[in-house]
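Please read these numbers as outputs of a predicted model, since none were measured by experiment. Hydrogens, waters and symmetry mates are skipped; everything else that's a heavy atom, side chains included, is used. Throughout, residue positions are numbered sequentially from 1 according to the sequence presented.
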Amino acid sequence: MVTEIDTDYLVIGAGATAMAFVDTLLTESRATVTMVDRYHQPGGHWTVAYPFVRLHQPSAMYGVNSRPLGDDRVDRTGWNAGMYELAGAAEICSYFDQVMRQTFLPTGRVSYFPMAEYRGGGRFHLTTSGTQYRVTVRRRIVDTTYQGVTVPAMQPPEFPVADGIPVVPPNELPDVREPYDRYVVVGAGKTGIDACLWLLEQGVDPADLTWIMPRAPWLIDRATVQPMPLRRAEDIASEYAAKHDAIMGAESVRDLFDRLDVAGALLRISPDERPTAFRCATVSRAELEQLRRITDVVRLGRVKRVDATAVELDGGTLPTGPRVLHVDCTADAVKQLPVVPIFQDGLITLQPVRACQPVFSAALVAHVEATRPDDTVRNELCPVTPNPSTDVDWLRFTLSANAEQLRWAANPDIDTWLRASRLHPDVAPPMPDDPAERAVVEQQTTAMARAQNAKLEELLHAHDGR
């Protein structure tokens, strides 16, 4: 027997982006929503993430628009002291569960089906009971899985491992009950950084820690992505001006990164190694100092296999054995996938409209869906911004951010929505309340954004034409 459901929107997934989208849609429309998700509770990848994971950005800028995450508290201790709190996995999962049970379901407009497998064509079944459903969708299917997040616990290592050699995802680190002779962290993305910091925090001697770093990353200083009032308007303006000067003065892409490094717009782990990756990973200066305590950093490319006595890499080998714990942090959390239009007939494919800001992007897409008349206008307001991977992608990331600033500032409704959204990250100096002063600042920031984009296009053209 198949149970029939009628709904305005069928949302595939109940992860962070799905929750942010549905929250805004419920606030700004009278639509009904059916949410289908394979996990037992809302939160998506957070439900299977390693237990010590924390946000890299402040809790105050994550979650859904209608409900704050955390206590709006500034940390007083630890490596994040002086900055807004960073929610951990358990808190985030609890938060999304509360959003579902205390905000979504009481509206009477949301039907939620956890432990469900979507089969396409509006059909799904519950994996526990086998109960089958068929959904008639009046408006759109919303695919939140296209740009899904992959964490190490979701997949085995991407390289073969010899029997008897321990290779674990970070999820298993808290289960360690006897010390190993050495810990080898594989991967230099956000997960690798988290694993290194957690091991150091648990008292592992940096001399007993090896970090396999295929590509060194450029990092963002968390102090520069704090919400107001912790960040003063003059600080934001000063940081924006320093980045502007670095861009406008650069004579090449290499020179640009040197200038961004000096200005503090980007950070590097080792002063002696030039990073080639940029994935929006964010650290505090205190965390950066901890990471610099690790001196055994292996820069021989990616792991090809782990044998009984050696880790084979692209450019050499590393001795190993059964008393060495290898921590696999190589899962590509956010892949660079082909861009497709977000809005199509009967379908919304959630993708970032601001790089590395998935929940903000999803909320804005929902706002545009609820308030704009046709898909041509919607897609013009929400062009996809691919997430960055390489250092050069920072230029494209900044080009896109500037284009967004120009596009949205010219639209009074979007501009008003952005200023009211708690998920909206500050990427430009805040505007004064006085209309005359505001007009002057808008003119200045618009001119700066256009000048930056012209210069960045010039640098990219010269770099790509080498």
Side-chain angles (χ1 to χ4, degrees), residues 13-17 37-57 59 62 78-80 86-97 114-115 127 145 148-204 208-214 217 279 281-283 287 290-291 294 302-303 306 311 320 322-335 358:
T17 57
D37 188 57
R38 63 177 50 183
Y39 295 111
H40 70 286
Q41 67 179 53
H45 76 279
W46 289 106
T47 65
V48 293
Y50 41 102
F52 54 87
V53 67
R54 289 192 172 275
L55 289 170
H56 272 205
Q57 70 183 47
S59 299
Y62 194 80
W79 297 333
N80 191 56
L86 307 172
E91 181 181 359
I92 293 169
C93 288
S94 175
Y95 167 84
F96 282 128
D97 187 64
M115 299 297 292
T127 56
T145 67
V149 176
T150 302
V151 296
M154 293 179 175
Q155 62 183 39
E158 297 179 349
F159 43 84
V161 179
D163 291 341
I165 301 300
V167 177
V168 301
N171 300 58
E172 296 186 26
L173 281 176
D175 296 331
V176 172
R177 291 295 175 264
E178 294 291 337
Y180 284 81
D181 294 342
R182 174 162 290 277
Y183 297 86
V184 176
V185 174
V186 185
K190 177 183 184 298
T191 305
I193 289 171
D194 284 351
C196 288
L197 290 171
W198 188 85
L199 287 165
L200 292 171
E201 193 173 23
Q202 307 315 307
V204 172
D208 295 331
L209 186 54
T210 296
W211 195 358
I212 295 178
M213 188 182 292
R279 303 295 295 271
T282 305
V283 297
E287 289 170 334
Q290 291 296 318
L291 295 173
I294 304 170
R302 298 182 182 278
V303 173
V306 181
V311 178
T320 194
R323 290 297 307 156
V324 176
L325 181 63
H326 309 78
V327 187
D328 176 28
C329 302
T330 60
D332 191 357
V334 182
K335 296 180 176 64

How about [X] and [Y]: do any of their side-chain heavy atoms sit closer than 4.5 Å?
X    : Y    : value
H40  : P114 : no
W46  : V53  : yes
C196 : W211 : yes
V306 : H326 : yes
W79  : E201 : yes
W198 : V204 : no
T330 : P157 : no
Y50  : T191 : yes

Taking D37 for its side chain and G44 for its backbone only, find out whether a donor-acceptor pair lies under 3.5 Å.
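No, D37 side chain to G44 backbone: no donor-acceptor pair under 3.5 Å.
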Is there a donor-acceptor contact under 3.5 Å from the side chain of T282 to the main chain of H56?
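No, T282 side chain to H56 backbone: no donor-acceptor pair under 3.5 Å.
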Side chain to side chain contact (heavy atoms under 4.5 Å, CB included) assessment of Q41 paired with F96:
CA-CA 8 Å; Q41 67 179 53; F96 282 128; over 6 Å; no
What heavy-atom pair brings [X] and [Y] nearest, and what distance separates the two atoms?
X    : Y    : answer
S59  : L55  : CA-CD1, 3.8 Å
P170 : F52  : O-CE2, 3.4 Å
A195 : V327 : CB-CG1, 4.3 Å

Under the rule for salt bridge (Lys or Arg N to Asp or Glu O under 4.0 Å), what residues qualify as partners of R38, not counting sequence neighbours?
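Expected list: E117.
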Give every donor-acceptor pair under 3.5 Å between a side-chain atom in residues 173-190 and any protein atom, sequence neighbours left out.
residue : atom : partner : partner atom : Å
R177    : NH1  : P174    : O            : 2.9
R182    : NH1  : T210    : OG1          : 2.5
R182    : NH1  : D296    : OD2          : 3.4
R182    : NH2  : A207    : O            : 2.8
Y183    : OH   : Y180    : N            : 3.3
K190    : NZ   : R54     : O            : 3.1
K190    : NZ   : D194    : OD2          : 3.1

Spacing of L197 atom CG and L291 atom CG [to the nearest 0.5 Å]
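Rounded to the nearest 0.5 Å, the CG-CG separation comes out at 4.5 Å.
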Nearest 0.5 angstrom please: E91 CD to L86 CG, how far?
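Separation between the atoms: 10.0 Å.
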Verdict with reasoning, I294 to L200, per side chain to side chain contact (heavy atoms under 4.5 Å, CB included)
CA-CA 9 Å; I294 304 170; L200 292 171; 4.2 Å; yes
Working note: V168 + D328, criterion side chain to side chain contact (heavy atoms under 4.5 Å, CB included); need CA distance, chi angles, decisive distance, verdict.
CA-CA 6 Å; V168 301; D328 176 28; over 6 Å; no
I'd like to know whether V48 forms a side chain to side chain contact (heavy atoms under 4.5 Å, CB included) with Y39, so could you lay out the CA-CA distance, the side-chain angles of the two residues, the decisive distance to 0.1 Å, and finally the verdict.
CA-CA 9 Å; V48 293; Y39 295 111; 4.0 Å; yes
